[in-house]
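Only this structure's heavy atoms are used, side chains among them; waters, hydrogens and symmetry mates stay out. Counting begins at 1 with the first residue of the sequence.
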Amino acid sequence: IALGAALGVGCGLVFWGFNFAYTPISSVLGSILPGIASVLHAVWYFSGTLAVLILRKPGAAVYVNVVGSAVEMLLGNNFAFVFISAILQGVFAEIPFAATRYRVFNLPMAVLSGLCTALEYGFYLLFFRYQGVALLSPRGIVHMISELVGGALIAGVFSWLLFVAVAKTGALDHFASGRAVHVREEKTRIAFRASSPIVDALRQSAAPWGGCFVFGGSFCRMLDIYPMRCSCCSKCGQNVLQWEMDGYLVNCSARSESV
C-alpha cells in the first residue's frame, strides 16, 4: 500500500506538470495535423501499466491512478471527470495482466496494457470532450491512431523501461517484481555466455594451460559485459580472467578440478 501510494503521488506530480506543457505542445502539433497531439495523452495514463508491473497485484493500476488523480486535483487542473477517467484507465490497463491471472509480466504485456488503455481513453475523449469529432472523420482517425501509438510507446515501452531501470537500482529488491528483473538478467547473461563465440574461443584456448591468462586491468574491465570477473592469480600474482567451465571455476590454480 505504501509503495503504491508513493508511486501514485509521483505520477500525480507528473500529471500536474504535464498539464502545463501539453497546451502549447498540442497547439503546435494540432496546427501541423489535427488529432496528432493525442500521441502525448499516454503521459496521463502510463501510471496504470507501471503500477501493475511493479506491484503485481489486482487493482494496483486503479489504486495508483486514483491516488495520482487526487494529487493532481489538489494541485489544481482544468479537466473534469478525473476520477472516473482514472478508474477506467486503471481497469483497462489491468485487462491483459488479468487475462494471465497476473502471472506474466514482460514487455509485450506492457505494450498490450498501454494499447488497451489508449483504446479506452481514445473513445472516452470522443464521447466526452470531442463530441463534434466523428470517429471515421479524418481527425477522428488520426486521433485514434495517435492515441494507440502513444499508448504502445509511452504507456507500454516507456513504462517497462522505467520499471526495469528502477528495479536495477535495487529499490525493488524487497518485492517480487524487483527480484524477477535480477533473475531475468542473470539468465540472459548465462544464455549469452553459452552462445558467445568469444567465450567459446577462450574456453578452447584455455584448456592446455589450465585457464591462466594475464591481461591488463582495463581489458578485464571491458570484458565485464560478460559474466566474467578479474581476480589475482595465486601463482603469478597478476590479473587473470576467470570464468566458469562445466560448473567449475577455471584458473591456473584450479587446473586439476577443471580437467
Side-chain angles (χ1 to χ4, degrees), residues 1-22 25-26 37-98 102 105-125 128-129 146-167 169 171-172 175-178 181:
I1 295 177
L3 178 61
L7 183 60
V9 171
C11 291
L13 292 174
V14 173
F15 301 157
W16 177 75
F18 187 65
N19 290 340
F20 297 98
Y22 177 75
I25 296 175
S26 62
S38 298
V39 74
L40 301 175
H41 292 166
V43 176
W44 281 312
Y45 55 76
F46 77 96
S47 57
T49 301
L50 181 63
V52 181
L53 290 174
I54 293 178
L55 301 178
R56 301 193 172 188
K57 299 290 184 181
V62 176
Y63 174 62
V64 171
N65 281 3
V66 170
V67 172
S69 297
V71 172
E72 183 186 6
M73 288 281 290
L74 289 174
L75 294 174
N77 65 53
N78 299 321
F79 302 99
F81 307 109
V82 173
F83 285 107
I84 297 175
S85 179
I87 293 173
L88 288 174
Q89 291 165 14
V91 170
F92 275 80
E94 296 201 22
I95 288 177
F97 300 103
Y102 295 89
F105 301 90
N106 52 30
L107 178 58
M109 291 296 293
V111 172
L112 283 175
S113 175
L115 286 172
C116 287
T117 312
L119 188 65
E120 175 275 326
Y121 193 63
F123 281 105
Y124 171 86
L125 291 176
F128 292 99
R129 294 190 61 86
S146 300
E147 196 74 57
L148 292 172
V149 171
L153 295 181
I154 300 176
V157 177
F158 173 76
S159 293
W160 173 259
L161 295 177
L162 181 58
F163 156 64
V164 172
V166 172
T169 66
L172 302 177
F175 300 91
S177 58
V181 170

| said: Under the criterion side-chain contact (heavy atoms from CB on, under 4.5 Å), I'd like the reasoning laid out for Val39 against Leu153: C-alpha separation, chi angles, the key distance, then a yes or no. | reply: CA-CA 9 Å; Val39 74; Leu153 295 181; 5.9 Å; no

| How would you list, by chain and number, every residue that makes a side chain to side chain donor-acceptor pair (under 3.5 Å) with Gln89, sequence neighbours excluded? | Ser85

| query | Between Glu120 and Tyr45, is any side-chain donor less than 3.5 angstrom from a side-chain acceptor? | reply | no

| Nearest-0.5 Å distance, NE2 of residue His41 to CG of residue Leu125 | 5.5 Å

What side-chain donor-acceptor pairs closer than 3.5 Å can you find for residues 156-164, not counting sequence neighbours?
residue : atom : partner : partner atom : Å
Ser159  : OG   : Phe46   : O            : 3.2
Ser159  : OG   : Ala155  : O            : 2.8

| field | Distance (rounded to the nearest 0.5 Å) between Phe123 CZ and Phe92 CZ | value | 10.0 Å

| request: Give the intermediate values and the outcome of side-chain contact (heavy atoms from CB on, under 4.5 Å) for residues Val52 and Met109. | output: CA-CA 10 Å; Val52 181; Met109 291 296 293; over 6 Å; no

Would you give me the side-chain donor-acceptor pairs under 3.5 Å for residues 8-16, sequence neighbours excluded?
residue : atom : partner : partner atom : Å
Trp16   : NE1  : Leu75   : O            : 3.4
Trp16   : NE1  : Gly76   : O            : 3.3

Could you go through residues 53-65 and list every donor-acceptor pair under 3.5 Å that involves a side-chain atom there, pairing it with any protein atom two or more places apart or in another chain?
residue : atom : partner : partner atom : Å
Arg56   : NE   : Leu53   : O            : 3.4
Tyr63   : OH   : Ile1    : O            : 3.3
Asn65   : OD1  : Ser47   : OG           : 2.5
Asn65   : OD1  : Gly48   : N            : 3.3
Asn65   : ND2  : Ala86   : O            : 3.3

| request: Could you list the residues that satisfy side chain to side chain donor-acceptor pair (under 3.5 Å) with Ser113, not counting sequence neighbours? | output: Thr49

| query | Step by step, would you call Leu172 with Val181 a side-chain contact (heavy atoms from CB on, under 4.5 Å)? | reply | CA-CA 9 Å; Leu172 302 177; Val181 170; over 6 Å; no

| request: List for me each residue that meets ring pair (Phe, Tyr, Trp, His ring centres under 6.0 Å) alongside Phe18, sequence neighbours excluded, and say none if there are none. | output: Tyr22, Trp44

| query | Can you list the steps and then say if Leu115 with Leu119 is a side-chain contact (heavy atoms from CB on, under 4.5 Å)? | reply | CA-CA 6 Å; Leu115 286 172; Leu119 188 65; over 6 Å; no

| request: Could you grab the distance from atom OG1 of Thr117 to atom CD1 of Ile154, nearest 0.5 Å is fine? | output: 12.5 Å

